Amino acid sequence: MSASRKCLCCVKYLMFVFNLIFWLGGCGLFGVGVWLSFTQAEFSSLPLSFPSLSAANLLLVAGGITMVTGFLGCLGALKEQRCLLVMFFVILLLLVITEVTLVLVIHVFHDKLDAKAQDDLKEGMKIYETEPGLKKSWDNVQKMFKCCGVTNKTDWFDVLNGTLPSSCCSVGTDQCTDGWDEPCYQKARQWLLDNIPSVLVFGVCIGVVQILALVFSMMMYCQIMCAEKHLD
């Protein structure tokens, strides 16, 4: 076996291992997204801007794309096909650029994004009495987190003519006059931050694997080109 062929085999199996890890990481992200979706099923009628619902959807999409990309990388490495390697490289590069852009946008505009999400939730509150599904979701949120309103319990005054829903108070209270003081948006956001740090660490590890996979895919592409030239 020639030196170039040995080098190609080494890069091939390294790339396969990294993409297998990448694919497993995508399965993990998708699994967490599914878990979060089931956990928040009682809130499904709320707008998607609700913190835990938006996080669940983001993880499902990211996990699904990561799984498909990892599969392409594994297939390209085993088959040693240039077209698959190029497709894998392009998709992965776009994925990395999108992730970096998304992180930067969230970091820079997090205040505006929070304000927009809160406005969407307040707008949705207006159909609380006419939409049974939304009413049930809001009641479940307020009972679970022991909170009231989006940013303040007074958010309900315009919706319910100066009164509060019974879910703003302890379970079993028919008439709620002085509800919980904590706002639901911040309470749900804090719950998400408390339960997601391991996922963030996992995401950073996946990011490192993505960079390494990009490097190995380019190395393997170059090695295949060299091997084909030697054969010629």
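We're numbering straight along the sequence, starting at 1. Since the model is a prediction, treat every value here as computed from it, not as a measurement.
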(message) If I compare all heavy atoms of F30 with all of G64, which pair ends up nearest, and what's the gap?
(response) CD1-N, 3.8 Å
(message) Please find the pair of heavy atoms, one from V159 and one from M125, that lie closest to each other, and give the distance.
(response) CG1-O, 3.2 Å
(request) Write out all pairs satisfying disulfide bond (SG atoms under 2.5 Å apart) with one or both partners inside residues 131-164, taking only residues at least two apart or from two chains. (result) C147-C184, C148-C168
(request) May I ask you to check whether over 12 heavy atoms, not counting those of F157, lie within 6.0 Å of atom CZ? (result) yes
(message) I need the single residue from T98, L104, I97 that forms a side chain to side chain contact (heavy atoms under 4.5 Å, CB included) with T101. Which is it?
(response) I97
(message) I'd like to know whether NZ of K122 has more than 12 heavy-atom contacts from other residues, nucleotides or ligands below 6.0 angstrom.
(response) yes
(message) Same cluster or not: I65 versus V103, using hydrophobic residues (I, L, V, M, F, W, Y) connected whenever any side-chain heavy atoms lie under 4.5 Å apart?
(response) no
(request) Treating Ile, Leu, Val, Met, Phe, Trp and Tyr as nodes and any side-chain heavy-atom pair under 4.5 angstrom as an edge, say whether V61 and V68 lie in one connected cluster. (result) no
(request) Answer yes or no: is there an ion pair linking K126 with D158, defined by an N-O contact shorter than 4.0 Å? (result) no
(message) Return the CD1 to CG distance between I91 and L94, rounded to the nearest 0.5 Å.
(response) 8.0 Å
(request) Identify whether the distance between the nearest side-chain nitrogen and carboxylate oxygen of K143 and D139 falls below 4.0 Å. (result) no
(request) State the CD1-CZ distance between I21 and F16, to the nearest 0.5 angstrom. (result) 10.5 Å
(message) Are V208 and V96 connected into the same hydrophobic cluster when the rule is that any two of I, L, V, M, F, W, Y join if their side-chain heavy atoms are below 4.5 Å apart?
(response) yes
(message) Just by distance, no angles: are the side chains of W156 and Q142 close enough, under 3.5 Å, to form a donor-acceptor pair?
(response) yes
(message) salt bridge (charged side-chain N to carboxylate O under 4.0 Å, His left out), that's the test. Do D120 and K116 meet it? Break it down for me.
(response) CA-CA 6 Å; D120 287 345; K116 177 68 169 63; 3.1 Å; yes
(message) Distance check, rounded to the nearest 0.5 Å: L92 atom CG versus T66 atom OG1?
(response) 8.5 Å
(message) Do F89 and V17 sit in one hydrophobic cluster, given that two such residues count as connected whenever their side-chain heavy atoms are within less than 4.5 Å of each other, even indirectly?
(response) yes
(request) Kindly indicate whether the side chain of Q186, heavy atoms from C-beta on, has any atom under 4.5 Å from the side chain of P183. (result) yes
(message) Rounded at 0.5 Å granularity, tell me how far CD in E182 sits from CZ in F145.
(response) 11.0 Å
(request) Identify the heavy atoms of L113 and V105 that sit nearest to each other, and give their distance. (result) CD1-O, 4.3 Å
(request) Output the distance between atom OG1 (T163) and atom CG (N161), rounded to the nearest 0.5 Å. (result) 6.5 Å
(message) Restricting to non-hydrogen atoms, name the atom on G149 and the atom on W138 that form the minimum distance, rounded to 0.1 Å.
(response) O-CZ3, 4.2 Å
(request) Kindly give the heavy-atom pair with the smallest separation between V150 and D155, and that separation in Å. (result) N-OD2, 2.9 Å
(request) Check the pair Y185, D114 against side-chain contact (heavy atoms from CB on, under 4.5 Å), reporting the backbone distance first and the verdict last. (result) CA-CA 9 Å; Y185 186 85; D114 277 344; 2.7 Å; yes
(request) Go through the steps for Y128 and L160 under the test side-chain contact (heavy atoms from CB on, under 4.5 Å), then give the verdict. (result) CA-CA 9 Å; Y128 175 81; L160 301 176; 4.0 Å; yes
(request) Calculate, to the nearest 0.5 Å, the distance between atoms CG and CZ belonging to L93 and F88 respectively. (result) 11.0 Å
(message) Any heavy-atom pair between the side chains of L29 and M67 that's under 4.5 Å?
(response) no
